[in-house]
Amino acid sequence: MEKKSLMSIKHWQAPLVGLLGLWLAASPWVVGPSGSDLLSGACVALGVGLLAAAAAMAQHVKAGWGAWLAVVVGLLAALSPWLLGFSEQSGATTNALATGLVAAILGFMVGLASSDPDSWWNDRVAH
């Protein structure tokens, strides 16, 4: 009974991850001139990835994989300045790092809340 009530809790993190995705996608044009099509394209792609993760997190059935998708995409966004070579642009680097880390933390929170570690153990141990 308690497990069912926990599953009915709506994840408040999903709309925030969606807003972070929208921000990341729009940020090359809001923060300032990107100077690179690679930077703009990466921000849009990672922003769309966060939007997809947020949509999955909002559904109870897919909240787990959506949350872990938010973690992966968030970490990619946080590392993108160094992976794509625009770390010398301080505004873009700060934006990608902050947005990515916040999205990853929110996704991690939902991922932990939606996983049931006991089911993994009980499925593999004879009782």
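Just so it is clear, the values below take in all heavy atoms, side chains as well, and ignore hydrogens, waters and symmetry mates.
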TODO: Please report the closest heavy-atom contact between L50 and G21, naming both atoms and the distance.
DONE: CB-CA, 3.6 Å
- [ ] Please list all pairs passing the side-chain hydrogen bond (donor to acceptor under 3.5 Å, both in side chains) test where one or both residues lie in residues 100-111, with sequence neighbours left out.
- [x] none
Task: Side-chain heavy atoms of W23 within contact of V30, under 4.5 Å - done: yes
Task: From CA spacing to verdict: side-chain contact (heavy atoms from CB on, under 4.5 Å), L38, F86 - done: CA-CA 9 Å; L38 179 63; F86 62 89; over 6 Å; no
Task: Non-neighbouring partners of A54 that pass side-chain contact (heavy atoms from CB on, under 4.5 Å), sequence neighbours left out - done: V17
Task: Shortest non-hydrogen contact from A104 toward V71 - done: O-CG2, 3.4 Å
TODO: Give a yes or no answer on whether the side chain of S27 reaches the backbone of L24 with a donor-acceptor pair at less than 3.5 Å.
DONE: yes
Open item on the list: Could you report the tightest heavy-atom contact between A67 and M57, atom names first, then the distance?
Closed with: N-CG, 3.5 Å
Open item on the list: Once ring pair (Phe, Tyr, Trp, His ring centres under 6.0 Å) is applied, do any residues pair with F108, and if so which ones, sequence neighbours excluded?
Closed with: W68
Task: Heavy-atom side-chain proximity of L84 to L39 below 4.5 angstrom - done: no
Task: Nearest non-hydrogen partners of W29 and A25, listed with the distance - done: CZ3-O, 3.2 Å
Open item on the list: As an exercise, state the distance from CG of L51 to CG of L46, rounded to the nearest 0.5 Å.
Closed with: 11.5 Å
- [ ] Report the C-alpha distance between L76 and V72 in whole Å, list the side-chain angles of each, state the deciding distance to 0.1 Å, and finish with yes or no for side-chain contact (heavy atoms from CB on, under 4.5 Å).
- [x] CA-CA 6 Å; L76 282 173; V72 170; 4.3 Å; yes
Task: Distance (rounded to the nearest 0.5 Å) between L97 CG and W82 CH2 - done: 5.0 Å
Task: Closest approach of P81 to A77 (non-hydrogen atoms, all atoms of both residues) - done: CD-O, 3.6 Å
Open item on the list: Could you report the tightest heavy-atom contact between G107 and A70, atom names first, then the distance?
Closed with: CA-CB, 4.0 Å
